[in-house]
There are 2 protein chains.
Amino acid sequence: MSTRSPHRPSPHEDSPHIICTVDVVALTLIATRLHVALLQRAQPPAQGDWALPGGYVHAQTDADTSAAARRVLADKLGMHGVYLEQLATFSGPRRDPRGWSLSVAHCALLPADALPAQGPAGAIRWVDVQQLPGLPFDHAAIVAAALARVRNKSQYSSLPVHLCGEQFTLPQLQAVYEAVLGDTLNKVSFRRKMDDMGLLEAVPGAMLTGAAHRPAQFWRVRPAYRQHLAVTPRGL
Amino acid sequence: MSTRSPHRPSPHEDSPHIICTVDVVALTLIATRLHVALLQRAQPPAQGDWALPGGYVHAQTDADTSAAARRVLADKLGMHGVYLEQLATFSGPRRDPRGWSLSVAHCALLPADALPAQGPAGAIRWVDVQQLPGLPFDHAAIVAAALARVRNKSQYSSLPVHLCGEQFTLPQLQAVYEAVLGDTLNKVSFRRKMDDMGLLEAVPGAMLTGAAHRPAQFWRVRPAYRQHLAVTPRGL
DNA sequence: CTAATAGTGTCTATAAGACAATATTCC
DNA sequence: GGAATATTGTCTTATAGACACTATTAG
């Protein structure tokens with residue numbers, strides 16, 4: 001908080017104009033590869049370009065920037081109640097041609113089932129993060145930061161469960177971790193760690209059958225961990 | 001980035017007024033306890049209260065919010081070239097009586113030697129983080145977030161070296177880690193990890209003498225790690 | 001020499017990974 | 001039964017911690 005502007009609360013003397021926005025890196029797993037949601041911009045700047053979903057912070061209605069990010073997720077992707085965390089804030093005079101701008105970037109993880117292909121605000125492209133097109137503004141840096149965060153947290157926490165649906169088998173969950181981390185994991189160790197975290201509970205009687213081999217048990221996240229991540233002290 | 005406001009870059013239709021500031025949680029170690037820098041606010045709101053150093057983002061001059069935070073560090077604490085990282089952005093309609101505000105919080109680590117007691121903007125109080133007074137705005141939450149971040153990163157990285165001066169002995173460094181983490185560490189393991197990280201180099205011939213026991217070797221951070229943190233895969 | 005802390009060697013405990021054996025299913 | 005994957009048991013290896021021994025200094 002500044003000690004300037006004793007009489008006028010307006011920051012105009014210091015800040016003629018700062019554009020406050022949020023951007024959302026919405027990630028999901030398609031065919032064991034991370035994909036990010038891009039929208040085609042309907043208006044300038046960068047009209048027609050595929051970019052991250054984002055929007056102005058609405059001071060009248062948004063409780064905070066996370067609420068603004070949830071509004072963007074709902075309005076532009078049609079997604080509600082998904083995992084969302086604040087990433088970092090990107091700012092500067094050059095990142096947006098409209099002027100000095102500040103964007104609070106958020107990262108959302110979406111279960112692969114029930115992904116919208118058509119959002120309320122037009123078509124959504126789900127792009128493999130390894131094959132990103134050129135992105136406007138500093139969106140490439142924002143996506144890179146999101147990937148770094150997700151990969152880092154996936155090393156020692158339950159973060160990737162938010163890429164799964166309600167129920168999943170342990171082999172499926174391990175595949176999700178491996179896709180995010182880009183490396184294979186030891187099966188025995190993975191199961192030990194999941195057990196130690198106390199994150200999951202077996203769904204009684206629910207088994208994934210149909211294949212010509214032993215069925216796999218379905219698991220779900222315990223209610224206590226629906227909102228908070230579980231962590232393991234020494235990584236997976 | 002919004003797709004609204006096609007013709008007017010102004011966000012006024014969506015955001016009548018958003019106050020953009022930075023706040024800095026400047027931490028240092030005094031007598032093996034973490035202390036945070038507080039300044040007495042010269043102007044309302046919360047005039048006279050002790051609060052985090054902060055200020056408006058200056059769109060004319062600041063390259064980004066980190067530059068604004070460095071400016072606050074220089075102008076209000078007289079500190080230059082210290083370790084600084086962005087923490088998180090705090091926002092909402094209620095946190096500041098002046099209106100809907102957004103503060104990009106940063107965390108700075110200062111070596112205990114050469115701390116200013118008198119900053120350019122008045123007296124500085126260095127307060128033990130365990131004995132914080134009531135703080136205005138949401139500064140208590142910002143300090144809590146900074147402490148959580150620093151303690152978390154100290155578990156697996158070289159972050160605490162930024163609380164030390166140019167040279168330090170390994171027993172001193174271990175004491176810094178223990179103060180930050182609030183727990184004792186195994187001496188042999190600590191030295192093994194420091195060795196594995198490849199972070200430090202012995203200062204040739206520099207030993208801490210004067211006490212009635214074997215002198216300790218002085219170490220310094222290798223140039224390659226002055227800007228980046230070193231990490232250890234499984235914590236300390 | 002004594003006291004005190006620095007620095008190192010080594011043994012033990014714990015955790016991670018490799019490997020393989022058993023369990024179930026569909027055909 | 002055969003093929004395939006799930007699940008579990010167990011051995012090996014790697015890492016962390018406990019403990020103690022040696023090193024070096026001031027007085």
Side-chain angles (χ1 to χ4, degrees), chain A residues 32 154-158 160-161 164-165 167-179 181-220 230-236, chain B residues 32 154-158 160-161 164-165 167-179 181-220 230-236:
Chain A
T32 77
S154 297
Q155 288 175 338
Y156 61 85
S157 82
S158 59
V161 300
C164 298
Q167 299 186 1
F168 43 83
T169 69
L170 285 177
Q172 285 172 347
L173 183 59
Q174 182 172 350
V176 169
Y177 270 88
E178 291 175 339
L181 295 172
D183 201 0
T184 60
L185 295 173
N186 181 285
K187 180 173 54 169
V188 177
S189 295
F190 178 78
R191 285 160 174 265
R192 263 197 300 243
K193 292 279 185 176
M194 283 296 146
D195 195 38
D196 292 347
M197 281 201 282
L199 171 77
L200 303 175
E201 60 188 5
V203 183
M207 311 288 284
L208 177 58
T209 59
H213 54 77
R214 176 172 176 176
Q217 173 70 52
F218 273 119
W219 300 76
R220 65 183 166 220
V231 294
T232 179
R234 270 179 268 279
L236 291 170
Chain B
T32 77
S154 297
Q155 288 174 338
Y156 61 86
S157 82
S158 59
V161 300
C164 299
Q167 299 187 1
F168 43 85
T169 69
L170 285 177
Q172 286 171 346
L173 182 60
Q174 182 172 350
V176 169
Y177 270 88
E178 290 174 339
L181 296 173
D183 201 2
T184 60
L185 295 173
N186 181 286
K187 179 173 59 167
V188 177
S189 295
F190 178 78
R191 284 159 176 264
R192 261 196 301 242
K193 292 278 186 177
M194 285 294 145
D195 195 36
D196 292 347
M197 283 201 280
L199 171 79
L200 303 176
E201 61 187 7
V203 183
M207 310 287 282
L208 177 58
T209 58
H213 55 78
R214 177 172 175 176
Q217 173 71 53
F218 272 118
W219 300 76
R220 64 183 166 220
V231 294
T232 178
R234 269 179 267 280
L236 290 171

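Quick note: numbers below take in every heavy atom, side chains included, and nothing from hydrogens, waters or symmetry partners. So you know, we letter chains A, B, ... as the sequences are listed, proteins then strands, and number each from 1. The shown structure was predicted, so the numbers you read here are calculated from the model rather than taken from an experiment.
Under the rule for a side-chain contact (heavy atoms from CB on, under 4.5 Å), the partners of R191(B) that lie at least two apart in sequence or sit in another chain are L170(B), P171(B), K187(B). Taking the salt bridge (charged side-chain N to carboxylate O under 4.0 Å, His left out) definition, one finds that E201(A) meets it with R220(A), R222(A), sequence neighbours left out. Residues satisfying the ring-ring contact (aromatic ring centres under 6.0 Å, His included) test with Y177(A), not counting sequence neighbours, are F190(A).
Among the heavy atoms of the strands lying under 4.0 Å from R234(B) are primed sugar atoms or P, OP1, OP2 only; no base atom is included.
The minimum heavy-atom distance between V176(A) and C164(A), with the atom names listed, is CG2-SG, 3.8 Å. For the residue pair V188(A) and N186(A), the shortest heavy atom distance occurs at N-OD1, 3.0 Å. The two residues Q155(B) and L181(B) make their nearest non-hydrogen contact at CG-CD2, 3.8 Å.
The list of side chain to side chain donor-acceptor pair (under 3.5 Å) pairs with a residue in residues 202-215 of chain A, not counting sequence neighbours, is empty.
In this structure, CG of L185(A) is placed 8 Å from P of dG17(C), rounded to the nearest angstrom. Atom-to-atom, CZ of R191(A) to P of dA20(C) comes out at 18 Å; the value is rounded to the nearest Å. The nearest whole Å value for the distance from the CD atom in Q174(B) to the P atom in dG7(C) is 11 Å. The distance between atom CG of L208(A) and atom C1' of dT24(C), rounded to the nearest whole Å, is 13 Å. Atom CG in L173(B) sits about 12 Å away from atom P in dG7(C), given to the nearest Å. Rounded to whole Å, atom P of dG7(C) lies 7 Å from atom CD of Q217(B). Taking atom CG of L236(B) as the reference point, atom P of dT15(D) lies 15 Å away to the nearest angstrom. Regarding M207(A), its CE atom lies at a distance of 14 Å from the P atom of dA23(C), rounded to whole Å.
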Inset, instruction - Give the B/S/- string for nucleotides 19-27 of chain D, one per nucleotide from 5' to 3', where a protein heavy atom under 4.0 Å of the base yields B, of only the sugar-phosphate yields S, and otherwise -. - result: B---BBBB-
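F218(B) is listed as a side-chain neighbour of T169(B), based on a closest heavy-atom distance under 4.5 Å. Side-chain contact check for F168(B) versus L200(B): some heavy-atom pair is nearer than 4.5 Å.
For the contact set between residues 192-205 of chain B and DNA chain D, defined by any heavy atom under 4.0 Å, the members are R192(B), K193(B).
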